[in-house]
Amino acid sequence: MQFHVDPSDELPLYRQIMRQVMEAVAGGQLSPGDQLPSHRDLAEQLVIAPLTVKKAYDELERAGYLRMARGQGSFITGKARELDIDAKLERLRPQIRRLLQEALLLGVDVRSVKRLLSDESEAAKGVPSGSELAASRGKKG
Amino acid sequence: MSVLSVRDIHRSFGKVQALRGVSLSAKQGEVVGLIGKNGAGKSTLLKIALGLLHADQGTVQVFGLDPRQRPVEVKRRIGYVPEDENVFARARIQQLLELHAALYPSWDEKLAARLLGALVRDTSARVDRLSKGQARRVMLACAMAHRPELLLLDEPAGGLDPSARREFLELAIALLNDTGSTILFSSHYMGDIERIAGRVIVLDQGQTLVDEELDVLKEKYCVALLPSLAPDQLAALEALPGFLRQQARGEALYAVFALAPDAAAATLAQRLDLQDVRCARVNLEELFIHLVGGPA
């Protein structure tokens with residue numbers, strides 16, 4: 001997989017890497033057993049400090065996504081898939097952030113946004129979920 | 001063990017106090033970015049770490065040694081690129097390489113050639129005839145080809161175009177990968193600092209304003225946008241835990257906190273009765289402006 005980082009983003013680099021791995025697991029681009037590039041290779045590729053890559057991998061290992069085998073490399077774990085609710089949430093984060101920025105620009109406070117969110121989640125109950133949509137697409141194809 | 005340890009350094013030039021009690025330390029493999037406005041004391045600090053300048057007060061230890069007492073031993077393990085100075089401007093590249101090879105027992109000719117890149121094809125060129133980027137590259141090669149354990153760089157990318165700057169960063173990453181060196185570098189390019197530094201030190205008027213992991217700066221610091229405050233409220237603001245700096249801009253007041261946005265907003269609501277204050281995480285450039293920008 002291809003990584004991309006933006007150093008001037010408010011999100012720290014190690015979190016950007018973590019997010020991309022989580023998203024790739026959630027999206028199916030990375031599967032259990034897949035190997036990630038070494039610290040040094042990814043550091044050279046992204047032109048960032050090797051310690052930053054190490055930090056991202058360490059955190060991913062702690063979160064259960066990665067298994068690091070000494071001298072062999074870093075691999076996506078079998079249970080990474082089960083964890084991907086976090087990844088899905090991470091995927092929503094930028095949209096939530098944009099929403100809040102927009103709200104603040106309009107002078108709407110966070111409490112009102114929360115109220116709006118719960119109103120809308122009531123209204124969204126009739127909408128089919130992602131897995132239901134996928135199932136219906138499968139039938140057509 | 002710290003590769004570099006500086007304790008309570010003071011240094012004046014005539015009546016100008018360049019450094020007023022600066023301390024810092026750097027561990028093996030760490031990359032520390034030094035930022036601050038012109039005249040904040042960055043170059044003086046780097047020169048004191050190298051032993052080129054003495055401190056009026058305070059202690060410096062490099063590899064556990066005093067660079068003023070053991071200059072040769074210490075300098076052999078350091079690489080240094082001064083700010084915008086080509087010390088040997090009239091020399092040819094080849095002469096500079098020979099000089100450095102003779103000075104440093106650990107000089108690696110192959111690495112020097114790699115660091116020089118395309119310049120290696122004609123090493124008879126005089127340094128003052130090179131472009132600014134090329135001359136800088138020669139200085140970097142000379143500072144890095146002995147695989148220094150500590151690299152001190154003063155504005156290494158100053159005056160370089162974006163592609164030359166990126167090349168320099170790539171060289172630095174290669175050195176980190178190969179040698180696990182410690183790097184202390186000053187820069188006005190916040191993007192470069194954000195790319196390779198693990199820790200950031202903000203110098204302001206000869207003092208350390210912030211010394212923090214870059215990730216912490218991004219996640220646990222924020223800028224609050226406040227209405228202008230009455231003097232007693234301003235005093236209360238400045239007394240808040242985590243408060244760092246405030247600056248008025250027009251009708252608004254910007255305050256920097258060493259707190260995550262929600263914590264800062266909660267503190268402001270609780271202690272100053274300011275509800276729903278906008279507190280935002282910012283990138284390093286914004287943080288820098290809000291910390292040390294504006295009139296000195």
Side-chain angles (χ1 to χ4, degrees), chain A residues 3-19 36-60 62-63 73-74 90 93-94 96-116, chain B residues 27-33 165-183 185 189-200 213-223 225 260-262 265 269 275-288:
Chain A
F3 287 89
H4 168 79
V5 291
D6 176 6
S8 62
D9 196 277
E10 302 126 51
L11 197 66
L13 288 172
Y14 83 97
R15 284 205 178 272
Q16 294 183 35
I17 294 171
M18 285 179 71
R19 184 157 85 187
L36 290 184
S38 70
H39 296 165
R40 29 182 316 153
D41 285 351
L42 191 56
E44 286 189 18
Q45 185 192 324
L46 297 175
V47 197
I48 61 174
L51 278 179
T52 303
V53 181
K54 184 180 181 310
K55 184 170 180 181
Y57 283 15
D58 284 349
E59 290 289 319
L60 284 166
R62 196 170 310 158
S74 307
E90 273 305 307
R93 189 185 293 279
I96 300 275
R97 202 171 271 177
R98 268 198 299 279
L99 172 74
L100 286 174
Q101 278 165 355
E102 177 93 34
L104 289 164
L105 279 174
L106 293 170
V108 175
D109 64 18
V110 177
R111 250 170 298 164
S112 310
V113 174
K114 282 183 185 161
R115 208 164 49 231
L116 188 65
Chain B
K27 294 191 289 274
Q28 198 244 317
E30 203 174 18
V31 184
V32 182
R165 261 170 55 212
R166 180 56 63 87
E167 262 179 39
F168 148 69
L169 291 174
E170 286 169 359
L171 296 179
I173 300 299
L175 190 74
L176 287 168
N177 266 339
D178 292 351
T179 315
S181 307
T182 304
I183 301 181
F185 79 116
Y189 294 102
M190 300 299 137
D192 290 359
I193 302 253
E194 285 172 315
R195 211 169 247 292
I196 70 168
R199 197 149 56 84
V200 174
E213 298 286 321
L214 177 60
D215 296 335
V216 174
L217 277 183
K218 291 205 162 182
E219 294 188 306
K220 306 233 167 76
Y221 278 60
C222 72
V223 175
L225 177 55
D262 46 355
Q275 304 302 323
D276 294 319
V277 171
R278 184 184 172 185
C279 299
R281 291 191 176 88
V282 292
N283 64 26
L284 195 56
E285 179 144 341
E286 289 297 311
L287 194 67
F288 180 87

Testing the basics here: between A/Ala43 and B/Asn177, what is the closest heavy-atom pair and its distance to 0.1 Å? CB-ND2, 4.4 Å
Identify whether the distance between the nearest side-chain nitrogen and carboxylate oxygen of A/Arg15 and B/Asp215 falls below 4.0 Å. no
Closest heavy-atom pair and its distance - B/Gly191, A/Pro7: O-CB, 4.0 Å
One should read off an interatomic distance between A/Leu105 CG and B/Arg278 CZ, to the nearest 0.5 angstrom, of 6.5 Å
With rounding to the nearest 0.5 angstrom, report the CZ to CG distance, A/Arg40 to B/Leu176. 10.5 Å
Quick one: of A/Gln101, A/His39, A/Lys55, who has the most non-hydrogen atom pairs under 4.5 Å with chain B? A/Lys55
If we only count heavy atoms from C-beta on, is the A/Pro12 to B/Glu219 side-chain gap below 4.5 Å? yes
Given 3.5 Å as the limit, does a donor-acceptor pair link the side chain of B/Arg195 with the main chain of A/Leu46, or not? yes
Using non-hydrogen atoms and a 4.5 Å limit, figure out which bit of A/Ile48 sits close to chain B: side chain, backbone, both or neither. both
Under 4.5 Å from any heavy atom of chain A - which part of B/Leu214: neither
A/Glu10 atom CD, over 12 foreign heavy atoms within 6.0 Å: yes
Whatever's closer than 4.5 Å to a heavy atom in chain A on B/Leu284 counts as neither
A/Asp9 with B/Lys218: basic N within carboxylate O range, under 4.0 Å: no
